[in-house]
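None of the values given here were measured: they were computed from a predicted structure. Note on naming: letters A, B, ... go to the chains in the order of the sequence lines (proteins, then strands), and numbering restarts at 1 for each one.
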Amino acid sequence: MTKRAASILWGILGVLAVMVAWELYKFLGPAEGFVVGAIEGETGSGVMLLPRTNDRAMPHLWEMGARLFQSTSGGDTPPLFVPVITAALTTLGIAAVGWLIGVAVGMVLGVIMQRFRLAEWGLLPWIVVSQTVPLIAFAPLLASIGSQIDRGGFPWPQWLSVAVIASYLAFFPVAIGVLRGLEAPDRNHLDLMRTYAAGYWATLFRLRLPASVPHLLPALRLAAASAVLGAVVAEVSIGMRGGIGRMLIQLAGQASSDPAAPWGPTFGAIALGLVAAGAVALLGFGLKNYRRGEATA
Amino acid sequence: MTLREPQGKPTDKTTELAVRAADLGKIFAHKTGDVVALTGVDLTVEAGEFVSLIGPSGCGKSTLLRLIADLDPATSGELEVFGKSAHQARLDQDYGIAFQQAGLLPWRTVAGNIDLPLQLHGISRTERAARVAELAELVGLTEFINSYPDQLSGGMQQRVAIARALAERPRLLLMDEPFGALDEMTREYLQSELTRIAAETGAAVVFVTHSIPEAVFLSDRVVVMSPRPGRITDILTIELGDARTEALRESPEYFERVTAVREALHGSPVERANER
């Protein structure tokens with residue numbers, strides 16, 4: 001329990017350290033930044049070594065906090081945190097769908113690669129290469145393919161494109177984690193299953209899958225983080241409305257007149273990541289019996 | 001599939017062979033050349049008989065056990081388990097097996113681990129529950145039935161492994177240094193337990209060990225093996241009777257057998273002065 005308390009304390013200290021660093025630099029740093037090699041009368045020339053600290057570039061933390069409770073765009077509009085939460089939930093839902101697709105695809109690929117050595121040789125390089133394709137370029141392409149699937153009378157919604165792109169990032173750690181996990185059982189356990197004349201499927205379900213859980217959980221957590229990231233980037237790239245990514249871009253565009261506003265959706269995106277990671281942690285708690293280490297004699 | 005009736009009726013003992021090996025050989029192919037793990041092994045184990053395989057590392061005792069278990073294929077010679085091929089005997093679940101590591105599934109309770117072979121072979125839920133309770137009783141772990149392996153000592157884990165090996169009432173029990181990783185006290189206790197269990201179930205046992213006292217205490221016959229190439233050099237009949245009690249460990253007859261096995265292992269009479 002004290003260990004748990006200590007880890008919570010360190011977490012809080014870490015966040016506090018970032019906050020203190022922000023305010024300290026804002027207090028000490030030059031208001032217009034420090035630029036070397038600037039040419040007179042030519043904006044944007046030179047190399048900026050120290051960023052600007054004026055209120056437009058770096059709003060105070062309390063301004064960011066207060067902005068959440070001020071109306072979104074003046075008049076009767078609700079306080080900023082309301083649309084932030086709505087947008088975050090929208091993105092969370094899409095990311096969750098992407099995570100589920102990614103986990104399903106990743107598990108199937110992992111199982112196939114474990115079963116057939118040839119499949120591992122054939123698939124694994126492509127799976128690794130797939131992660132080097134820039135998402136920004138890939139997302140609009142996928143969206144336009146999606147919009148062409150409209151014909152069968154079943155329209156392809158824009159959010160589904162976003163979810164598919166999120167799954168594209170999420171499947172990777174799962175495929176690798178499942179492959180590793182399925183190969184985790186001891187020689188001993190495999191011999192034992194053989195003495196029981198247990199076939200491939202019985203061995204898969206009774207031994208390999210349960211034994212893979214300790215490898216699978218970190219992969220699922222990575223997949224959750226990747227799915228959130230993928231969903232936010234894909235929203236921006238495709239131009240889907242309603243999510244946190246789009247909101248972030250929109251408010252960032254108005255930052256010169258309302259510098260604290262983009263921090264609202266930024267905090268929303270952070271909360272989103274935490275919720276996603278927390279949900280996987282809950283899953284891990286449900287599977288805790290599969291994470292027991294057998295004490296050796 | 002249902003469980004067999006308790007086996008080991010006295011009439012079976014003389015008529016049926018649990019294991020019959022004739023000129024059995026095993027060669028492992030390596031990049032650097034073939035390694036002869038076993039050669040010219042002739043061995044019979046009668047139903048209900050307790051036979052130990054003893055010898056230094058590399059003498060092929062574990063290899064022989066793995067051949068009987070059909071975990072590895074033999075390269076040459078004949079091998080029958082209850083009159084069938086080792087392969088068929090494995091498919092028919094004619095033996096139970098225990099290794100040096102208990103090899104329990106850490107995510108299953110004691111009951112779940114004992115239950116594993118029964119569950120895999122599609123035995124009905126009620127029958128399984130009854131059998132698991134019976135086996136837990138046999139190895140004295142009834143009150144730990146819902147514990148997980150990491151909550152048990154090494155000796156208790158090994159007892160679960162033995163219960164699991166006995167789950168389907170095999171007529172043959174294969175054991176590969178099952179007490180090798182345990183402390184001496186636990187080891188002696190489990191040896192006594194094993195002789196009791198073997199007598200109660202009437203199963204034949206092939207027991208791999210590198211402990212001379214252990215082999216003598218447990219066995220009807222001790223098979224002495226030698227490395228390079230792995231082969232049987234001697235087979236000693238122990239004849240200490242059926243009652244293997246703690247008192248036996250102190251008896252002169254016991255020490256006599258221990259000396260005999262030691263001499264067989266070293267290939268010549270051992271001088272007392274050299275003994276540790």
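- In this structure a side-chain-to-backbone donor-acceptor pair under 3.5 Å is present from B:H121 to A:Y196.
- Annotation: the span from B:L174 atom CG to A:T195 atom OG1 amounts to 9.0 Å, rounded to 0.5 Å.
- The backbone N or O of A:R206 sits nowhere less than 3.5 Å from a side-chain atom of B:Q119 that would complete a donor-acceptor pair.
- Heavy atoms closer than 4.5 Å to chain B are found nowhere in A:L287, neither backbone nor side chain.
- Separating the CG atom in B:D150 from the CZ atom in A:R291 is a distance of 13.0 Å, to the nearest 0.5 Å.
- Shown here is B:R187, whose CZ atom has more than 12 heavy atoms of other residues, nucleotides or ligands within 6.0 Å.
- Counting non-hydrogen atoms of other residues, nucleotides and ligands closer than 6.0 Å to CZ of A:F172 gives a total above 12.
- In terms of heavy-atom proximity, B:L71 sits nearest to A:D191 at CD2-O, 3.6 Å.
- B:L120 touches chain A through its side chain: at least one heavy atom from C-beta onward sits under 4.5 Å away, while N, CA, C and O do not.
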Do A:R194 and B:D70 pass the side chain to side chain contact (heavy atoms under 4.5 Å, CB included) test, and can you show the C-alpha distance, the side-chain angles, and the key distance before you say yes or no?
CA-CA 9 Å; A:R194 185 170 152 83; B:D70 189 40; 3.9 Å; yes

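- Counting non-hydrogen atoms of neighbouring residues, nucleotides and ligands closer than 6.0 angstrom, the CG atom of A:L118 reaches no more than 12 such neighbours.
- Between B:R164 and A:L192, the closest side-chain pair of non-hydrogen atoms falls below 4.5 Å.
- The two residues A:H189 and B:L104 come nearest to each other via the heavy atoms NE2-O, 3.2 Å.
- Atom CH2 of B:W107 is separated from atom CG of A:N289 by 11.5 Å, given to the nearest 0.5 angstrom.
- More than 12 heavy atoms of other residues, nucleotides or ligands sit less than 6.0 Å from atom OH of A:Y200.
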